Amino acid sequence: MAALKDRLRADMISSMKAKQADTTKVLRAVLAAITTEEVSGEAAHELTDAQEQAVVTKQVRQRRDSAEAYAAAGRQDLADVELAEVEILQVYLPTQLTDDELTALVEAEVAAAGEVTMKQMGQIIKAVNAKAAGRADGGKVAAAVKARLMQG
């Protein structure tokens, strides 16, 4: 376990030696987020690889949201910084599913469920998210499932 954390730490040390301040800052922040997650709760615990992946995904999502907020406020310079940080973190995430792959996953789940109504949308989303295993954004999955169920 903790393979991702070890990789992040090694890459942070490499970026320090190479005097890459931006990369070092981002990796240090992610490692701090992982450590915070480890000590949260009643007792300290080591995170599984999936939990570490979830922390990195959360950090990417936060930076994307910040970039959107900065852009909306007319601060493109700050939005660009956030997006650059997203690019640094993207290396540590699994390859995202393409739209076609996501559509195929949704189709497979809908076919497996048989007769599906909009009331079962949550169950389908949950099943697709489980199969996607962090390789697709939750909002994108929900939109794909909704679009498919609207078709009938």
Side-chain angles (χ1 to χ4, degrees), residues 1-106 108-109 112-113 119-148:
M1 297 218 266
L4 181 59
K5 185 177 178 182
D6 292 340
R7 181 175 164 211
L8 286 164
R9 189 172 286 124
D11 288 354
M12 184 183 73
I13 291 169
S14 297
S15 69
M16 288 170 138
K17 289 178 181 177
K19 299 190 186 317
Q20 298 169 331
D22 293 340
T23 304
T24 302
K25 179 185 83 163
V26 172
L27 296 179
R28 188 175 280 143
V30 172
L31 284 167
I34 290 173
T35 303
T36 301
E37 193 68 30
E38 286 176 337
V39 297
S40 68
E42 293 181 19
H45 61 285
E46 191 170 317
L47 299 180
T48 64
D49 288 337
Q51 290 170 322
E52 288 176 351
Q53 201 76 46
V55 171
V56 175
T57 302
K58 182 177 178 183
Q59 292 292 309
V60 167
R61 192 176 327 114
Q62 285 177 347
R63 282 168 172 77
R64 281 197 179 122
D65 291 346
S66 296
E68 287 177 23
Y70 287 139
R75 293 295 310 264
Q76 193 57 44
D77 55 328
L78 295 175
D80 291 342
V81 169
E82 294 291 334
L83 292 174
E85 291 179 1
V86 167
E87 292 302 315
I88 292 168
L89 292 176
Q90 208 67 40
V91 174
Y92 302 99
L93 294 175
T95 306
Q96 296 294 300
L97 293 174
T98 64
D99 289 340
D100 293 338
E101 292 170 330
L102 181 58
T103 303
L105 259 177
V106 170
E109 278 306 314
K119 290 181 180 179
Q120 296 159 313
M121 183 173 148
Q123 295 169 336
I124 301 295
I125 291 171
K126 187 176 179 180
V128 172
N129 275 330
K131 286 193 175 174
R135 295 180 299 144
D137 180 56
K140 204 172 178 182
V141 170
V145 170
K146 186 174 184 179
R148 170 57 182 86

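Please read all numbers here as calculations on a predicted model, not as lab measurements.
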Rounded to the nearest 0.5 Å, how far does [atom2] of [Y] lie from [atom1] of [X]?
| X | Y | atom1 | atom2 | value |
| --- | --- | --- | --- | --- |
| Glu68 | Leu83 | CD | CG | 9.0 Å |
| Asn129 | Ile124 | CG | CD1 | 11.5 Å |
| Arg135 | Thr57 | CZ | OG1 | 12.5 Å |
| Thr23 | Leu89 | OG1 | CG | 9.5 Å |

May I have the step-by-step check of side chain to side chain contact (heavy atoms under 4.5 Å, CB included) for Val141 and Asp137, ending in yes or no?
CA-CA 6 Å; Val141 170; Asp137 180 56; over 6 Å; no
If you look at every heavy atom in [X] and [Y], which pair is closest and at what distance?
| X | Y | result |
| --- | --- | --- |
| Val55 | Leu47 | CG2-CD1, 4.3 Å |
| Arg63 | Ala29 | NH2-CB, 3.7 Å |
| Leu27 | Ser15 | CD1-OG, 4.4 Å |
| Gln59 | Ala33 | NE2-CB, 3.4 Å |

Less than 4.0 Å between a side-chain N and a carboxylate O, is that true for Lys25 and Glu85?
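Yes.
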Any side-chain heavy-atom pair from [X] and [Y] closer than 4.5 angstrom?
| X | Y | value |
| --- | --- | --- |
| Leu31 | Met12 | yes |
| Arg9 | Asp6 | yes |
| Asp99 | Lys140 | yes |
| Asp22 | Val26 | no |
| Glu52 | Asp49 | yes |
| Thr103 | Glu101 | no |
| Val91 | Arg7 | yes |
| Val128 | Leu102 | yes |

Would you please say whether a donor-acceptor pair under 3.5 Å links the side chains of Asp80 and Gln76?
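Yes, a side-chain donor-acceptor pair sits under 3.5 Å.
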Do we see a donor-acceptor contact under 3.5 Å between the side chains of Tyr92 and Asp11?
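Yes, Asp11 and Tyr92 have a side-chain donor paired with an acceptor closer than 3.5 Å.
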Answer yes or no: is there a donor N or O on one side and an acceptor on the other, between the side chain of [X] and the main chain of [Y], under 3.5 Å?
| X | Y | value |
| --- | --- | --- |
| Gln51 | Thr48 | yes |
| Arg64 | Arg61 | no |
| Glu82 | Ala79 | no |

Steps toward side chain to side chain contact (heavy atoms under 4.5 Å, CB included) verdict (Glu38, Lys5)
CA-CA 11 Å; Glu38 286 176 337; Lys5 185 177 178 182; 2.9 Å; yes
